Amino acid sequence: MIGVISSFHQNSYCSHMTKLENYISGNWLTGDGEGQQLYNAVTGDVIAIATTKGLDFAGITDYARKVGNPALRKITFHQRGNMLKELALHLRKYLDKFYKISYQTGATRADSRVDIEGGIGNLFTNASLRRKFPDETFCIDGESHNFSENNTFMGTHILVPKEGVAIHINAFNFPVWGMLEKIAVNLLAGMPCIVKPATVTSYLTEAVVKEIIASKIFPEGALQLICGSAGDLLDHVTSQDVVTFTGSATTGLLLKSNPRILRESVPFNMEADSLNCIVLGEDVTPGKPEWDIFIKEIRKEMTLKAGQRCTGIRRIFVPENKMEDIWKGIAASLSQTTIGNPLNEKVRMGSLAGQTQRNEVKEQVQKLLASSQIIYGSLDSVEVVDADAKKGAFMSPLLLMNENPFIAKEAHEVEAFGPVSTIMPYKTMEDAVALSKLGKGSLCSTIVTADYKLAGQYVIGAASHHGRILVLNNECAKESTGHGSPLALLVHGGPGRAGGGEEMGGLRGVKHYLQRTALQGSPTTITAITNVYQPNAKGKDPGKHPFKKYFEELQIGDQIITEKRVITSEDIDKFADLSGDHFYAHIKTTDFTGTMFEQQVAHGYYIMSVAAGLFVDSYQKNPVLLNYGIDELRFTKPVYPGTEIYIRFTCKEKLPNDKRIVENPEDFKRGDDIDKGIVKWYVEMLDDTDEITGIATILTMVAKQNQS
Ligand code: NDP
């Protein structure tokens with residue numbers, strides 16, 4: 001029988017074995033049976049047991065769909081984003097606890113920072129993305145299109161949360177980041193999730209989930225955790241679910257071809273083995289800063305997380321005449337790396353995640369050795385500090401050399417998921433591009449060069465085969481986040497062998513969990529449904545000037561038509577003098593033969609300024625606090641002297657604006673204490689034939705009536 005743990009208990013993970021708990025259907029449960037033993041990667045001691053035997057996987061997915069999904073769907077992007085922020089702040093309080101557990105995965109403090117604080121950073125970034133969404137449970141995606149002559153029929157797209165559950169099957173190397181970078185996105189989208197970390201390091205994921213659940217920040221059912229085998233979980237997926245997978249290509253293929261996934265057309269995002277590469281530009285010579293940058297980047301990538309990074313550099317391409325100097329430089333740099341117990345502050349490289357992983361890496365190296373030779377490190381021995389090299393999963397960094405990379409292909413096909421990299425020569429940039437592609441699709445590639453032309457040649461030539469490309473040189477090296485770090489606002493994933501998936505990438509990532517639906521109808525109907533004013537929709541009489549209304553009072557579609565103003569040649573001259581913009585089209589003495597204009601034309605910015613003069617409710621103080629910009633501005637028809645201009649001014653969209661939290665009184669800025677919202681206004685500038693001469697969306701901050 002499955003045990004229900006009624007009260008939250010904290011595992012020490014130090015001296016005794018603990019059965020990990022699964023968080024299922026609102027309870028912490030331990031599975032049946034003896035389970036899988038999990039080891040401290042540094043000492044080899046058994047520290048926990050993982051089992052999911054006896055769990056009702058159908059019930060788990062059902063619970064997420066029936067309890068978690070409705071709770072998340074009904075709250076807005078802003079509410080979901082604010083929960084992510086609260087969670088990030090909450091988890092920061094437990095860093096010490098997480099770091100302590102993380103050491104047992106073989107990770108140094110620097111490795112753990114990437115995993116733990118990198119994961120929390122990802123929550124913050126995704127929380128901030130709420131500002132790019134409306135304060136609604138759904139959103140519009142992209143542009144609207146008018147499909148009719150009389151402006152009564154249009155189309156756009158909307159995105160709504162899928163009604164299923166996101167299932168994340170993760171790899172062992174980032175037990176925290178791997179979870180947080182994924183759940184941040186589905187939770188922001190409004191979907192619940194089930195996380196299945198790789199069993200071997202699941203004790204760290206469990207510890208983090210315990211704090212997440214205890215915080216009660218997310219509604220019940222939003223997150224469930226499985227520590228151990230996924231059982232028949234995937235046999236219960238439905239068409240409204242999403243599955244993500246990070247791990248080996250073999251497992252990925254197996255799961256992706258699950259008949260249920262195929263039959264139900266379940267989106268399956270895969271991130272698998274990737275033979276990432278780095279290229280040294282032909283321009284880089286010893287003594288140039290890029291020479292050292294190249295060596296440093298390789299050393300970092302080989303030793304951070306003991307090379308167990310999906311983005312790790314596996315292939316190094318170097319101009320053939322620089323091979324010897326470069327490999328000697330890399331070898332010298334690697335020899336500076338202290339390996340051993342990550343608790344020792346001098347240690348720069350810890351152990352692999354376990355003996356199984358070490359054995360697998362060694363087997364893969366044997367395959368690579370069919371066409372390469374080891375030029376740095378040893379496959380059989382490693383010097384370690386404060387640890388037993390045999391009991392712990394330690395390994396020496398290995399630099400291999402393959403002198404015929406177009407003929408001997410192992411380095412482009414075999415991934416050793418550890419501190420292993422193969423250096424190979426190339427003759428021309430075309431060769432470097434071609435070699436990079438032999439990996440058949442990677443997560444990322446780096447070129448180190450100070451030559452913009454070479455950089456362009458490589459980037460445009462190789463981009464089809466890499467999910468991300470870093471161009472590294474002295475201009476950016478100091479502040480660069482590095483080859484190996486995926487960024488929450490940029491896409492992570494790669495074509496072909498890398499799995500063909502895409503995750504993160506800012507808004508792009510959130511959209512994987514939303515259904516996109518084309519929506520057609522009249523502009524007024526679509527305005528009513530989406531709560532965003534659509535061009536050509538009917539306006540509403542606001543009752544008073546909309547600038548006199550507080551944020552809560554304003555309604556989408558509140559519209560005024562202003563008085564008219566004649567544009568004169570004298571005013572155009574004055575605007576030219578005042579702004580200094582004496583472009584020939586605005587000067588009345590210009591000979592207009594061969595130009596786009598018949599005569600002196602008003603500056604577009606003058607018409608926009610006139611528009612403000614017409615729509616602004618002048619002199620009196622009102623709830624509009626400030627105008628902070630223009631989202632889009634187009635001038636669509638020339639305005640000549642004598643034209644009468646008037647403005648149709650409509651409340652387009654309302655967005656919340658969180659009050660800034662000011663911890664230090666010295667940081668306080670005027671306005672920080674005002675409760676306010678953002679209001680977008682649609683401005684149409686019309687002439688005396690009622691034709692539009694320009695449009696703009698202007699942004700204002702409007703005070704709320706109810707100040708907290
Ligand atoms: P695996 O493919 O063995 O495992 C990945 C995940 O899949 C784990 O959570 C694993 O669970 C789960 N899994 C395995 N079999 C099944 C199944 N039948 N049904 C459901 N889930 C299953 O990869 P590893 O974690 O061992 O990593 C090995 C390789 O993965 C590396 O050598 C590397 O090539 C690649 N990798 C790629 C990464 C990337 O981001 N691209 C990152 C990390 C690794 P369990 O642990 O319980 O077996």
Side-chain angles (χ1 to χ4, degrees), residues 275-303 312-337 368-377 397-414 416 419-439 442 444-463 465-466 469-477 480 482-483:
L275 290 155
N276 316 293
C277 63
I278 189 167
V279 177
L280 181 71
E282 289 159 284
D283 59 307
V284 183
T285 47
K288 284 202 175 168
E290 283 76 16
W291 185 268
D292 296 333
I293 288 168
F294 183 77
I295 290 172
K296 199 171 155 196
E297 196 67 11
I298 291 169
R299 174 190 166 176
K300 189 177 80 189
E301 286 299 319
M302 286 182 72
T303 56
I313 293 171
R314 308 289 170 212
R315 300 178 298 152
I316 304 165
F317 301 121
V318 174
E320 59 184 358
N321 60 346
K322 303 194 175 90
M323 278 288 279
E324 192 174 343
D325 286 342
I326 273 289
W327 79 251
K328 284 187 174 159
I330 299 171
S333 178
L334 287 172
S335 69
Q336 305 293 311
T337 307
L368 289 170
L369 289 178
S371 56
S372 307
Q373 51 176 310
I374 296 177
I375 50 174
Y376 177 83
L398 294 173
L399 184 64
L400 276 53
M401 173 144 63
N402 169 356
E403 287 175 292
N404 295 300
F406 278 111
I407 297 160
K409 302 265 176 72
E410 281 81 357
H412 310 296
E413 287 161 4
V414 177
V420 184
S421 215
T422 306
I423 187 167
M424 293 169 260
Y426 77 85
K427 282 190 171 49
T428 62
M429 188 40 75
E430 287 77 39
D431 281 355
V433 169
L435 286 169
S436 86
K437 292 180 181 173
L438 289 180
S442 87
C444 62
S445 172
T446 290
I447 175 157
V448 179
T449 178
D451 180 325
Y452 305 137
K453 211 168 154 203
L454 272 185
Q457 228 180 316
Y458 182 73
V459 170
I460 306 306
H465 283 60
H466 306 283
I469 297 183
L470 163 67
V471 181
L472 197 56
N473 56 33
N474 201 34
E475 285 173 22
C476 69
S480 157
H483 167 98

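Residues take their numbers from the sequence shown, with the count starting at 1. Values in this document were obtained by computation on a predicted structure and should not be read as measured data.
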Quiz item: Passes side chain to side chain contact (heavy atoms under 4.5 Å, CB included), Asp451 versus Met429? Steps please.
Solution: CA-CA 12 Å; Asp451 180 325; Met429 188 40 75; over 6 Å; no
Quiz item: Roughly how far, to the nearest 0.5 Å, is CZ of Arg314 from CG of Leu400?
Solution: 12.0 Å
Practice problem: Kindly compute the distance separating CZ (Phe294) from CD1 (Ile447), expressed to the nearest 0.5 Å. | Solution: 9.5 Å
Quiz item: What do the steps show when you test Ile293 against Leu472 for side chain to side chain contact (heavy atoms under 4.5 Å, CB included), and what is the final call?
Solution: CA-CA 8 Å; Ile293 288 168; Leu472 197 56; 3.6 Å; yes
Self-check item: Which atom of Ser442 lies closest to which atom of Asn276, heavy atoms considered
Solution: CB-OD1, 3.7 Å
Quiz item: Where the side chain of Asn402 meets the backbone of Met424, is there a donor-acceptor pair that is under 3.5 Å apart?
Solution: no
Exercise. Would you check if Pro405 and Leu438 make a side-chain contact, meaning some heavy-atom pair closer than 4.5 Å?
Key: no
Quiz item: Looking at Lys300, Glu301, Met302, which hits side-chain contact (heavy atoms from CB on, under 4.5 Å) with Ile298?
Solution: Met302
Practice problem: Check step by step if side chain to side chain contact (heavy atoms under 4.5 Å, CB included) holds for Glu297 and Val448. | Solution: CA-CA 10 Å; Glu297 196 67 11; Val448 179; 5.7 Å; no
Quiz item: So which heavy atom on His483 is nearest to which on Gly312, and how close?
Solution: NE2-C, 4.3 Å
Quiz prompt | Sub-4.5 Å side-chain heavy-atom contact between Glu290 and Thr449 | solution = no
Quiz item: NZ/Lys427 to CD/Glu282 distance, rounded to the nearest 0.5 angstrom?
Solution: 12.0 Å
Quiz item: Are any of the side-chain heavy atoms of Trp291 and Ile326 separated by less than 4.5 Å?
Solution: yes
Self-check item: Approximate separation, where rounding is to 0.5 Å, of Thr422 OG1 and Glu410 CD
Solution: 10.0 Å
Self-check item: Between Ser445 and Tyr458, a side-chain donor and acceptor under 3.5 Å
Solution: yes
Quiz item: So, the side chain of Glu403 versus the backbone of Pro425: is there a donor-acceptor pair under 3.5 Å, distance only?
Solution: no
Exercise. May I have the step-by-step check of side chain to side chain contact (heavy atoms under 4.5 Å, CB included) for Thr337 and Arg299, ending in yes or no?
Key: CA-CA 9 Å; Thr337 307; Arg299 174 190 166 176; 3.4 Å; yes
Practice problem: Mark yes or no for whether Ser421, through its side chain, and Ile313, through its backbone, hold a donor-acceptor pair below 3.5 Å. | Solution: yes
Quiz item: Between the main-chain N or O of Ala450 and the side-chain N or O of Asp283, is there a donor-acceptor pair closer than 3.5 Å?
Solution: yes
Exercise. List the atom of Val471, the atom of Ala455, and the distance in Å for their closest heavy-atom pair.
Key: CG1-CB, 3.9 Å
Self-check item: Gap between atom CZ of Phe406 and atom NE2 of His412 - 0.5 Å precision
Solution: 7.5 Å
Self-check item: Interatomic spacing from CG in Leu280 to CE in Met323 - rounded to 0.5 Å
Solution: 11.0 Å
Practice problem: Indicate yes or no: at least one non-hydrogen side-chain atom of Ile316 is less than 4.5 angstrom from one of Leu399. | Solution: yes
Quiz item: Considering residues, nucleotides and ligands other than Lys296, do more than 12 of their heavy atoms fall under 6.0 Å from its NZ?
Solution: no
